[in-house]
Structures are given as C-alpha cells and as structure tokens.
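Everything below concerns the one structure shown next.
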Amino acid sequence: MTTDRSRPLKVQVKKRKGRTLAQKLWLDRQLNDPYVARAKREGYRSRAAYKLIELDDRFKLFRPGGRVVDLGAAPGGWSQVAAKRVGAEAGKGRVVAIDILDMPPIVGVDVLHLDFLDPAAPDRLKALLGGPADVVLSDMAANATGHRQTDHLKIMALAEAAAMFAREVLDPGGSFLCKVLRGGTEGDLLADLKRDFAKVKHVKPAASRADSAELYVLAMGFRQVSDA
Ligand SMILES: C[S@@+](CC[C@H](N)C(=O)[O-])C[C@H]1O[C@@H](n2cnc3c(N)ncnc32)[C@H](O)[C@@H]1O
C-alpha cells in the first residue's frame, strides 16, 4: 500500500454515539473541509466568509467607508469580512446585520435580532444604516424541510424580499448579492434585477459546495428605482 504524504489524512468519525447517520455524515464533512479549518485558523465564524472574500476579490464590491447591509448574517462570517473591507472595524463606513438567530457582537457591526420578513425590519435597518447603502448582501436561507419545491419557494421568497429592500436602500451604482437556488432566478426576479442593474450574473464561489444547489445572483451598477 502506498501513502500520499502530501495529502492530509481524512478524518472519519468512528462511532455513531447516538448520532443519526445524517449527523455523522455532516460531522465527517465538517472535519475534512479545508474551509472549515481555514476559518478556524483565521478567526472567521463561518466557512461562508470565503465565498464573500472570493467574490469581493473578483468584483470589488466593497469600498473603504462604504455602507453595507447583511441579511441573514448569523453566525457572522460575512459581516466580519464586510467590516474589515469597508473599515468599519476602525470606525469607518457602516455594516448593519440582521438575523432571526442571535449572534455575538462584531466590532463595527450593528446587529438586529429580528425576522427580516417582520414588517418593522426594513425601517429599523434603514434607521441603523443612516443613509443609502453601497452593498446589500443576503445569504438568508430558511431551515430546509427536505421537500425540494417547498424549500425552493421559501428561499425564493426571501430573495424577492431582499431584492425589494435592496432597491429601496441602494445608492446608484450599488450592488446586490443574494443566495438563490440553481434554476431559481428565472422569471420575475431576474427580469426585475436586469431592469434595475447594469450587470446581473450568477456566481458560484469555490467555497460553495459543488453538490449543493446553492448559487448566488450578483447584480451590480444599480440604476435607480423604476416605479413602472
Ligand atoms: C447560511 S446562514 C448565513 C451565514 C452567514 N452569511 C455567515 O457568513 O456567517 C443563513 C442565515 O439566514 C438566517 N435567516 C433565514 N431566514 C431569515 C429571516 N427571515 N430573517 C432573518 N434571518 C434569516 C438564518 O437564521 C441563518 O442564520
């Protein structure tokens, strides 16, 4: 038998210890995921942080002193990245985050612990933002039911609500990045985004698991609200 010394050994969770098979498989994957290890090393709260890092490196979403809204922010990886890149950690710019789940504070980030679909949420976010946004991010995902169509509808409803909010708060030239599911942005959402933004594309960053239907829609160059 030959061993490849350049490759780290694969960790396998040995016993089920009262875990379901799904839990064991999840744990196996976490323990062998290079992004999980990197996030731990570099102090990010989620492996998702690397999706945003890659997209900002490629598309230059953030500018120093910019204003950012992070919808569905917990546990906070994206907010950490945004705070670093606009300089909110050093008192510049502004990052406003919202999640149904509570999350520990992040320096330079204002966190609302609220359902984004609550009628009060948009106004509360706007008040915290204190002016138009440069970037609206949404990594919101409702808990999966396992029923494909239901999950699809739920995530698309969140994406539609996020897009509507983005149109209300973005400055001309601003960007909107939103999680969707493969095949899910056809139709009204995509048509609306194409009307209001100069460039709209689908992106799948390397840290987004290949076997997941997750995809991001990136709309750049906000034109202005068209009330038509
Ligand atoms: C994939 S996680 C976000 C991970 C985050 N981007 C990070 O880097 O740490 C999705 C989040 O969306 C939140 N979420 C789902 N529906 C929501 C809603 N209606 N309002 C606010 N947050 C919501 C969930 O609670 C969950 O924390």
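The figures that follow rest on heavy atoms only: side chains count, while hydrogens, waters and symmetry mates do not. In listed order, ligands and their atoms are each counted from 1.
- We find the CG-NZ distance between L177 and K51 to be 10.0 Å, quoted to the nearest 0.5 Å.
- A single hydrophobic cluster is seen to contain both I155 and L190, as judged by linkage of ILVMFWY side chains at heavy-atom distances under 4.5 Å, directly or through other members.
- By the neighbour-count criterion of 12 heavy atoms within 6.0 Å, atom NZ of K204 is densely surrounded, having more than that number from other residues, nucleotides or ligands.
- Checked for salt-bridge contact, D139 and K179 meet the test: a charged N lies under 4.0 Å from a carboxylate O.
- Contact shell of ligand 1 (protein heavy atoms, cutoff 4.0 Å): S46, A48, G72, A73, A74, P75, G76, G77, W78, D99, I100, L101, L114, D115, F116, D139, M140, A141, L158, K179.
- In this structure, the salt bridge (charged side-chain N to carboxylate O under 4.0 Å, His left out) partners of D110, at least two apart in sequence or on a different chain, are R94.
- At most 12 non-hydrogen atoms from other residues, nucleotides or ligands lie less than 6.0 angstrom from CZ of R124.
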